[in-house]
Amino acid sequence: MSLAVSIDPIFWLLCAIGFVVLEAMTWNLVSIWFAVGSAAALLSCLLVQSFRVQAAVFIAVSALCLLAFKPLAKKLRKAPTATNGDRNLGREATVLTPVTAEVTGRVRLDGVDWNARCATPGDTLAPGESCRVMEIHSTLLIVEPIRTETTH
């Protein structure tokens, strides 16, 4: 008398665990639905011995879960929030110490002193001049001089 042991339940269990681990690593709410499909296929092993039927259960349940819960996943995913630094782009600052592309100087923006460098090599800003914030790299502002037109 020999006992026939099927590896199908082990396969579906490993699939379910793998998809849960993958979801834990990505947090995209995609892999989790395949884990649900794997769990359904694992339960179908109790009723049906055919691997093709189990695979069909996996595909059907995974697809239904993915389609049904996609709007929920979209609602739960939040858009990235802009930082306060982003609102300073394009704004005008006052130069406190000489600023060039090679030498970091200081500028004042809304009463706060920042390290700054010129965006274009060759540009030089003297204390008291105005400049425009072009980029922000951590605590360093990349600035450009504000060109004023002279009329005669």
Distance, nearest 0.5 Å, that separates OG of Ser44 from CD of Gln49:
9.5 Å

Going from CG on Leu140 to CZ on Arg117, what distance comes out if it is rounded to the nearest 0.5 angstrom?
6.5 Å

Can you measure from CZ (Phe34) to CD1 (Ile59) and round to the nearest 0.5 angstrom?
10.0 Å

Same cluster or not: are Leu96 and Leu141 linked, directly or through other Ile, Leu, Val, Met, Phe, Trp or Tyr residues, by side-chain heavy atoms under 4.5 angstrom apart?
no

Might you point out which heavy atoms bring Ala35 and Val20 nearest each other, and give the distance in Å?
CB-CG2, 3.7 Å

Considering non-hydrogen atoms only, spot the tightest contact between Glu102 and Gly122 and give its length.
OE2-N, 4.4 Å

Side-chain heavy atoms under 4.5 angstrom apart, residues restricted to Ile, Leu, Val, Met, Phe, Trp, Tyr: same cluster for Phe11 and Val61?
yes

What's the shortest heavy-atom distance between Val143 and Val133, and which atoms?
CG1-CA, 4.2 Å

Membership question, hydrophobic clusters at under 4.5 Å side-chain separation (ILVMFWY): are Val30 and Ile32 in the same one?
yes

Is the CG atom of Leu67 crowded by more than 12 outside heavy atoms at less than 6.0 Å?
yes

Between Ile136 and Leu109, is there shared hydrophobic-cluster membership here, with clusters defined by ILVMFWY side-chain heavy atoms closer than 4.5 Å?
yes

Do Met25 and Ile17 share a hydrophobic cluster (ILVMFWY, side-chain heavy atoms under 4.5 Å, transitive)?
yes

Please state whether the rings of Phe58 and Trp12 are parallel, tilted or perpendicular, taking 30° and 60° as the class boundaries.
tilted

Nearest 0.5 Å, please: how far is CD1 in Ile146 from CD in Glu92?
3.5 Å

For Leu125 and Cys131 the tightest heavy-atom approach is CD1-CB, 3.7 Å

Donor-acceptor pair, distance only, cut-off 3.5 Å: does the side chain of Gln54 make one with the backbone of Val48?
yes

The test is side chain to side chain contact (heavy atoms under 4.5 Å, CB included); show your working for Asp110 and Asn88 and say whether it passes.
CA-CA 9 Å; Asp110 288 338; Asn88 291 327; 4.3 Å; yes

Would you confirm whether Glu23, through its side chain, and Ser31, through its main-chain N or O, come within 3.5 Å as a donor-acceptor pair?
yes

From Leu89 CG over to Ile142 CD1, what is the distance, rounded to the nearest 0.5 angstrom?
11.0 Å

Taking Arg132 for the side chain and Gly90 for the main chain, is one N or O donor matched with an acceptor at less than 3.5 Å?
yes

Looking at Thr97 and Gly105, would you say the former's side chain and the latter's main chain have a donor-acceptor pair under 3.5 Å?
no

With side chains defined as the heavy atoms from C-beta onward, is the minimum distance between Val103 and Pro98 less than 4.5 Å?
no

Which heavy atom in Pro145 sits nearest to a heavy atom in Asp123, and how many Å separate them?
CD-OD2, 3.5 Å

Roughly how far, to the nearest 0.5 Å, is CD1 of Ile7 from CG of Leu13?
13.0 Å

On a heavy-atom basis, the closest approach of Ala39 and Ala16 is N-CB, 4.4 Å

